[in-house]
Protein chains: 2
Amino acid sequence: MESEVLTRIRKLSQQYAYTSIQMHETIARQAGLPGTDHKYLGFLIQKGEMTAGELSNLTGLTTGAVTGLIDRFEKKGLVKRQFAEDDRRKVIIKPNTESIMALFAPLYKEFRSKSQELLASFSNKEIKVIETYFSKAIEIMNETTNKLNNK
Amino acid sequence: MESEVLTRIRKLSQQYAYTSIQMHETIARQAGLPGTDHKYLGFLIQKGEMTAGELSNLTGLTTGAVTGLIDRFEKKGLVKRQFAEDDRRKVIIKPNTESIMALFAPLYKEFRSKSQELLASFSNKEIKVIETYFSKAIEIMNETTNKLNNK
DNA sequence: GTAAATATCTTAGTTGCTAAGATAATATTA
DNA sequence: TAATATTATCTTAGCAACTAAGATATTTAC
């Protein structure tokens, strides 16, 4: 038997994740990125440049899939390939942050201002609560995922 | 220029959504559902039975894709097809909740108890804050998605 | 009763994935 | 140093699930 609160939060949480992915997919499609590529573009922006192998590890995609992914990004001018100076086997992927921003910023504009507004409606203390919840929930989900993957 | 708080929350939020999807995908894979099928199984559980067309609308998949989706679920005994009595063109998809639960419950067990624990560490007032944030953020994301889709 | 609309299924073609192996560069070792 | 092993990425073949378009079956409208 589980508490009503837990059920409510769990449903909201699932819906939140789903809605968020849905929105990001819609925005990506409008920006000319069909499928799930935008998900990986996010990594590149957040982490900055990285090698193809690192992206493969991070995403769980095979190196072959990553090759195709970078090809598609490169063709759109969103990233550049560059051999590493210290190891010429490595391919460094350099996100072209400016062109990425130019592509996505207008689509996120309204969302951002509304989010800003929503956050402004909470006190600092309340925001801290939200942050704590997010952080700890992320930790729990990662633990669950890792435990399931390593056995 | 955007506030630091907004940036922090936005990153946490994206990470939350990504981690959540990642966990659900891992659980689904362990349950023998590769790809993204589990996402749609969630709809069936939450909404109960629905027609193929409704599922198509809800998911944004074409009717052809939905046919394949139901085929895969049916083959695994997770849903049943049934013609609607009032309109024999319609196919009602009936989720077999018991077999779905039996498949997934053990994989979610530990996650649930940890979530329960996490939630217990917040006061009722704080939980209300989290719920409010989720609800309103979902609303904003849906608005954004709808606005982008209808133009 | 015929025509139009609707709900689902089928088919052909596309996309992006994995797995396995090829290629090129680097590290190791005798 | 030369031979061998390892590493990083790319290429290829095969596969799964998608879309778009059209087929089929049923219902609705005239």
Side-chain angles (χ1 to χ4, degrees), chain A residues 21-22 24-26 28-44 47 49-76 78-95 149, chain B residues 21-22 24-26 28-44 47 49-76 78-95 149:
Chain A
I21 297 295
Q22 204 75 357
H24 284 95
E25 262 179 32
T26 301
R29 199 164 11 85
Q30 298 266 344
L33 291 180
T36 56
D37 286 2
H38 66 284
K39 211 159 80 177
Y40 309 125
L41 200 55
F43 283 130
L44 281 168
K47 298 243 173 186
E49 65 182 50
M50 65 178 91
T51 67
E54 282 167 349
L55 187 58
S56 168
N57 283 329
L58 201 59
T59 59
L61 295 175
T62 58
T63 59
V66 167
T67 297
L69 183 65
I70 304 172
D71 285 349
R72 293 192 293 278
F73 284 153
E74 208 174 29
K75 206 171 284 178
K76 298 204 168 80
L78 301 176
V79 308
K80 262 196 177 172
R81 270 187 174 91
Q82 190 176 302
F83 286 110
E85 284 182 19
D86 62 323
D87 182 344
R88 298 187 54 75
R89 290 168 305 178
K90 287 186 184 168
V91 166
I92 297 177
I93 312 162
K94 292 202 163 185
N149 277 327
Chain B
I21 298 295
Q22 203 75 356
H24 284 95
E25 261 179 33
T26 300
R29 197 162 13 83
Q30 298 267 343
L33 290 180
T36 55
D37 287 3
H38 67 284
K39 210 158 81 177
Y40 309 125
L41 199 55
F43 282 130
L44 282 167
K47 297 243 173 185
E49 65 182 52
M50 64 178 89
T51 68
E54 281 166 351
L55 188 56
S56 168
N57 283 329
L58 201 59
T59 60
L61 294 175
T62 58
T63 59
V66 167
T67 297
L69 183 66
I70 305 171
D71 285 348
R72 293 192 294 278
F73 283 153
E74 207 174 29
K75 206 171 284 176
K76 296 203 170 81
L78 300 177
V79 309
K80 262 195 176 172
R81 269 187 174 91
Q82 191 177 301
F83 286 110
E85 284 182 19
D86 62 323
D87 183 343
R88 298 188 53 75
R89 289 168 306 178
K90 287 186 184 169
V91 165
I92 297 177
I93 312 163
K94 294 203 162 185
N149 277 327

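In this text the structure is predicted, and so the values were computed from the model without any measurement. Throughout, a chain's letter reflects where its sequence line sits, starting with A, and its residues are numbered from 1.
- Summarising the geometry, the separation between CG on A/Leu69 and P on C/dT15 is reported as 16 Å, rounded to the nearest angstrom.
- Residue B/Arg72 has its side chain nearest to D/dA17 when only D/dA17, D/dC10, C/dC9 are considered.
- Between the NZ atom of B/Lys39 and the P atom of D/dA17 there is a distance of 14 Å, rounded to whole Å.
- Here the side chain of B/Val91 is nearest to one of C/dT8, D/dT11, C/dT26, namely C/dT8.
- Summarising the geometry, the separation between CD on A/Glu25 and C1' on D/dC18 is reported as 13 Å, rounded to the nearest angstrom.
- Under the 3.5 Å distance criterion, the side-chain polar atoms of B/Thr59 are matched with a main-chain donor or acceptor of B/Leu55.
- Taking only side-chain atoms of A/Ala65, from C-beta outward, the nucleotide of C/dT18, D/dT9, D/dC18 with the closest atom is C/dT18.
- Within a 6.0 Å sphere centred on CZ of A/Arg88, other residues, nucleotides and ligands contribute 12 heavy atoms or fewer.
- The side chain of A/Arg88 places no N or O atom within less than 4.0 Å of a non-bridging phosphate oxygen (OP1 or OP2) of D/dT7.
- Counting any heavy atom pair closer than 4.0 Å across all strands shown, B/Gly64 reaches a base atom.
- Interatomic distance, A/Lys94 NZ to A/Gln82 CD, rounded to the nearest 0.5 Å: 4.0 Å.
- Looking at heavy-atom distances under 4.0 Å, A/Gly35 makes no contact with the nucleic acid at all.
- Spacing between atom CD of B/Glu85 and atom C1' of D/dT26 amounts to 16 Å, rounded to whole angstrom units.
- B/Ser56 comes within 4.0 angstrom of no nucleic acid atom, judged by non-hydrogen atoms across all strands.
- When each of D/dC18, D/dT9, C/dA7 is scored by its nearest atom to the side-chain atoms of B/Lys90, the top-ranked nucleotide is C/dA7.
- Between B/Ile92 and A/Asp86, the residue anchored closer to the 5' end of DNA chain C is B/Ile92, taking for each the nucleotide with the nearest heavy atom.
- Considering only side-chain atoms of B/Ala52, the nucleotide from C/dT26, C/dT8, C/dT18 that sits closest is C/dT8.
- The shortest heavy-atom contact between B/Thr67 and B/Arg81 is O-NH2, 3.3 Å.
- With rounding to whole Å, B/Asp87 atom CG is found 10 Å from D/dT28 atom C1'.
- One N or O on the side chain of A/Thr26 and one on the backbone of A/Gln22 form a donor-acceptor pair closer than 3.5 Å.
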Next on the checklist: With salt bridge (charged side-chain N to carboxylate O under 4.0 Å, His left out) as the criterion, how do A/Arg29 and A/Asp37 come out once you've worked through the C-alpha distance, each side chain's angles and the decisive distance to 0.1 Å?
Outcome noted: CA-CA 10 Å; A/Arg29 199 164 11 85; A/Asp37 286 2; over 6 Å; no
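- With hydrogens and angles ignored, a donor-acceptor pair under 3.5 angstrom links the side chain of A/Thr63 to the base of D/dC10.
- The CG atom of A/Leu33 sits 10 Å away from the P atom of C/dG16 (whole-angstrom rounding).
- Mapping A/Arg89 and A/Ile70 onto DNA chain D via the closest heavy atom, the residue that lands nearer the 5' end is A/Arg89.
- The side chain of A/Leu61 lies closest to C/dC17, out of C/dC9, C/dC17, C/dT26.
- The separation between A/Asp37 atom CG and C/dT15 atom P is 13 Å, rounded to whole Å.
- Protein atom CZ of A/Arg29 is 17 Å distant from nucleotide atom P of C/dT15, rounded to whole Å.
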